[in-house]
**Q** 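My questions will all concern the structure given below.
Computed from a predicted structure; not experimentally measured.
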Amino acid sequence: MTKLGKYLDNRSINKASVSRKTGINKNRLSELSNNFSTKIKADELYLIALAIEVDACELLEHVCGDLQLKKESK
């Protein structure tokens with residue numbers, strides 16, 4: 001399960017409800033929740049945050065907070 005999937009699962013978020021509110025297809029939400037190679041788009045993340053009534057920055061931090069810049073070579 002992806003970080004988004006765990007986030008939604010931990011908060012007992014109904015994906016069908018999120019789909020209805022956002023217009024994001026249930027299959028797409030399932031892919032975003034379960035497939036690590038699926039990339040979320042900014043507009044999708046923002047709409048999901050609105051639908052589940054959390055700050056978009058909080059959701060972004062949870063989903064992408066482990067990313068780091070590459071170290072520069074000298």
Side-chain angles (χ1 to χ4, degrees):
M1 186 175 292
T2 66
K3 290 182 181 185
L4 176 63
K6 289 178 186 174
Y7 187 91
L8 297 174
D9 197 46
N10 288 341
R11 287 162 177 73
S12 300
I13 303 295
N14 182 315
K15 291 181 191 139
S17 174
V18 172
S19 177
R20 283 191 301 276
K21 290 177 181 179
T22 63
I24 299 170
N25 184 295
K26 285 189 274 186
N27 290 334
R28 175 71 176 156
L29 284 174
S30 182
E31 281 290 312
L32 291 169
S33 297
N34 297 309
N35 188 340
F36 289 100
S37 65
T38 302
K39 303 295 182 190
I40 191 167
K41 297 186 288 184
D43 60 337
E44 292 172 326
L45 186 132
Y46 186 75
L47 288 171
I48 292 168
L50 289 176
I52 64 175
E53 299 178 355
V54 299
D55 181 68
C57 293
E58 175 190 328
L59 184 57
L60 178 63
E61 178 68 31
H62 183 82
V63 172
C64 300
D66 63 331
L67 298 177
Q68 295 182 358
L69 295 174
K70 292 183 180 181
K71 295 183 180 182
E72 291 185 35
S73 311
K74 291 186 179 184

**Q** Is the closest side-chain heavy-atom distance between Arg11 and Ile52 below 4.5 Å?
**A** no

**Q** Counting only N and O atoms by type, is there a donor-acceptor contact under 3.5 Å from the side chain of Asn34 to the main-chain atoms of Ser30?
**A** yes

**Q** For Arg28, which residues count as a salt bridge (charged side-chain N to carboxylate O under 4.0 Å, His left out) partner, sequence neighbours excluded?
**A** Glu44

**Q** Just verifying a value: how many Å separate Leu67 CG and Glu61 CD, rounded to the nearest 0.5 Å?
**A** 9.5 Å

**Q** When you look at Ile48 and Ile13, which way does the side chain to side chain contact (heavy atoms under 4.5 Å, CB included) test go after all the steps?
**A** CA-CA 10 Å; Ile48 292 168; Ile13 303 295; over 6 Å; no

**Q** Is there a side-chain contact between Asp66 and Lys3 in this structure, where contact means two heavy atoms from C-beta onward sitting under 4.5 Å apart?
**A** yes

**Q** For the residue pair Leu47 and Thr22, what are the closest heavy atoms and their distance?
**A** O-CG2, 3.4 Å

**Q** Atom OG of Ser33 and atom CG of Asp9: how far apart are they, to the nearest 0.5 Å?
**A** 8.5 Å

**Q** Ala49 and Ala56: which non-hydrogen atoms are nearest, and at how many Å?
**A** CB-CA, 3.6 Å

**Q** Can you measure from CG (Leu60) to CG (Leu45) and round to the nearest 0.5 angstrom?
**A** 5.5 Å

**Q** Would you give the length of the straight line joining atom CG of Leu29 to atom NZ of Lys15, rounded to the nearest 0.5 angstrom?
**A** 7.5 Å

**Q** Of all residues at least two apart in sequence or in a different chain, which pass the side chain to side chain contact (heavy atoms under 4.5 Å, CB included) check with Thr2?
**A** Leu4, Phe36

**Q** Quick one, Tyr7 and Val63 - any side-chain contact, counting heavy atoms below 4.5 Å?
**A** no

**Q** Out of curiosity, Lys26 NZ to Arg20 CZ, how far, rounded to the nearest 0.5 Å?
**A** 7.5 Å

**Q** Between Val18 and Ile24, is there a side-chain heavy-atom distance shorter than 4.5 Å?
**A** no

